[in-house]
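Counting from 1, the numbers follow the sequence of the chain as shown.
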Amino acid sequence: MDSLGGLLLRVSVLLCGSCCVQALLPGITEPEFIRRCVQAHNTQRSRTGPPAASARSMVRQVFRTQSWDNELAKGARDRARHCKASHQPGLAHFGHPLFGWMGENIWLGAPFSAFSVENAIHRWSKGGAYSLKNNNCSHLCGHYAQLMWSTSFKMGCAVNVCSKGIENFSSHPESTIFVCNYGDTGHVHGITPYVAGVDCSGCGSVICRDNVCRYDWFPGWDYGPPSSAYSVSYWLSNLGTCLLGVCWLLHFYATH
């Protein structure tokens, strides 16, 4: 949502309460919501201290699109709709073509006006006074570890307003929960979220931008860009490649 959309949403809260908030909540396919989620993650991942040698960006350079994953976003939406101040037991996410397990971050607040994508993700980055040398915190910092997990490159988020409150958190009628799910999963016990070093020194031949590695690839199971804006050119490009292959085969058999 842009600034005007955010202003209208807050005015609607004052005029008609939580029912209007629900109607105007950003969906998991809304381009502006996706852009803000991915951008806020990349902003925080580029500010690690000490610097990260090979942290992956949450953007695929091939299509210059977000590494938003619809299945991870659906899982985040389902979790947010449960209105519970707790993580999903085991964080299992079966059925995904690559990730057998997922990482998860949760932000809670009330009223809804206290929420913004950027503030929530910034809060995760300040979750604990983390020491990379000792791989521990002055208090819990699982959110920080997942946010900065260097090999995570896919994500999906969702926000929900719980009109009956959030279990073990608040009974406020505008209790808000924001959930992000991740692949590769992070915060593995005994392993640091990233390897310290000169920014991007471990990127190899890939592009370094904003202190994170921008990989020019996407997994084989990810059959195309998530944005419809690229779908026509993507499929035309693949069709052209297939036709060239067919023409080569016909020429080969005709001349042998």
Side-chain angles (χ1 to χ4, degrees), residues 37-38 40-61 66-69 71-73 75-76 79 85-107 120-157 178-222:
C37 288
V38 174
H41 275 82
N42 281 334
T43 295
Q44 297 302 327
R45 287 165 70 85
S46 69
R47 296 175 178 173
T48 56
S54 58
R56 289 184 178 181
S57 170
M58 290 286 187
V59 177
R60 285 204 310 265
Q61 186 70 13
Q66 297 91 350
S67 57
W68 189 261
D69 187 273
E71 295 304 312
L72 291 176
R79 191 61 188 162
S86 60
H87 290 284
Q88 182 171 331
L91 298 183
H93 191 79
F94 301 105
H96 194 282
L98 179 63
F99 308 118
W101 298 86
M102 66 177 181
E104 183 179 79
N105 276 351
I106 297 176
W107 177 93
I121 295 171
H122 178 73
R123 178 76 63 82
W124 294 337
S125 74
K126 302 298 181 183
Y130 177 74
S131 167
L132 186 68
K133 180 180 180 179
N134 299 319
N135 192 25
N136 61 24
C137 294
S138 57
H139 52 89
L140 294 176
C141 62
H143 287 149
Y144 174 86
Q146 176 60 78
L147 177 63
M148 300 302 182
W149 201 258
S150 64
T151 58
S152 294
F153 68 101
K154 281 284 191 178
M155 59 175 291
C157 305
F178 175 63
V179 181
C180 288
N181 287 344
Y182 305 89
D184 186 9
T185 183
H187 193 37
V188 178
H189 181 70
I191 301 177
T192 60
Y194 64 91
V195 176
V198 177
D199 289 322
C200 295
S201 59
C203 291
S205 62
V206 303
I207 297 171
C208 177
R209 183 172 298 172
D210 298 327
N211 302 328
V212 288
C213 306
R214 302 281 291 266
Y215 286 80
D216 292 337
W217 66 280
F218 63 96
W221 50 262
D222 196 1

- Task: May I ask you to decide if H143's main-chain N or O and N105's side chain share a donor-acceptor pair within less than 3.5 Å?
- Result: yes
- Task: Nearest 0.5 Å please: distance from the OH atom of Y144 over to the NZ atom of K126.
- Result: 8.5 Å
- Message: Suppose we screen for side-chain hydrogen bond (donor to acceptor under 3.5 Å, both in side chains). Which residues come up paired with T48, at least two apart in sequence or across chains?
- Response: none
- Derivation and outcome, side-chain contact (heavy atoms from CB on, under 4.5 Å), residues M155 and N181: CA-CA 6 Å; M155 59 175 291; N181 287 344; over 6 Å; no
- Message: Could you report the tightest heavy-atom contact between A196 and P50, atom names first, then the distance?
- Response: CB-CG, 3.9 Å
- Message: Has Y182 got a side-chain atom pairing as donor or acceptor with L72's backbone, closer than 3.5 angstrom?
- Response: no
- Query: What are the two closest heavy atoms between I121 and A40, and how far apart are they?
  - Reply: CD1-CB, 3.5 Å
- Residues forming a side chain to side chain contact (heavy atoms under 4.5 Å, CB included) with P51, sequence neighbours excluded: D199
- Message: Nearest 0.5 angstrom please: D69 CG to F153 CZ, how far?
- Response: 8.5 Å
- Sorted by chain and number, sequence neighbours left out, side-chain hydrogen bond (donor to acceptor under 3.5 Å, both in side chains) with T43 holds for none
- Task: Under the side chain to side chain contact (heavy atoms under 4.5 Å, CB included) rule, collect the residues that match up with A85, sequence neighbours excluded.
- Result: L108, I166, N168, F169
- Message: I need the N42 CG to C37 SG distance, nearest 0.5 Å.
- Response: 11.5 Å
- Nearest heavy-atom contact between R45 and S150 is NH2-O, 3.5 Å
- Query: Rounded to the nearest 0.5 Å, what separation is found between the CD1 atom of I106 and the CZ atom of R79?
  - Reply: 6.0 Å
- Task: Taking R123 for its side chain and W107 for its backbone only, find out whether a donor-acceptor pair lies under 3.5 Å.
- Result: no
- Any side-chain heavy atom of Y194 within less than 4.5 Å of one from T151? no
- Nearest-0.5 Å distance that lies between atom NE2 in H122 and atom CD in Q44: 6.5 Å
- To the nearest 0.5 angstrom, please state how far the NZ atom of K154 sits from the CE atom of M102. 16.0 Å
- Task: Would you sort out whether H41 and S152 count as a side-chain contact (heavy atoms from CB on, under 4.5 Å), showing the intermediate values?
- Result: CA-CA 11 Å; H41 275 82; S152 294; over 6 Å; no
- Would you check, one step at a time, whether the test side-chain contact (heavy atoms from CB on, under 4.5 Å) holds for E104 with Q146? CA-CA 7 Å; E104 183 179 79; Q146 176 60 78; over 6 Å; no
- For F178, which residues count as a ring-ring contact (aromatic ring centres under 6.0 Å, His included) partner, sequence neighbours excluded? F115, W124
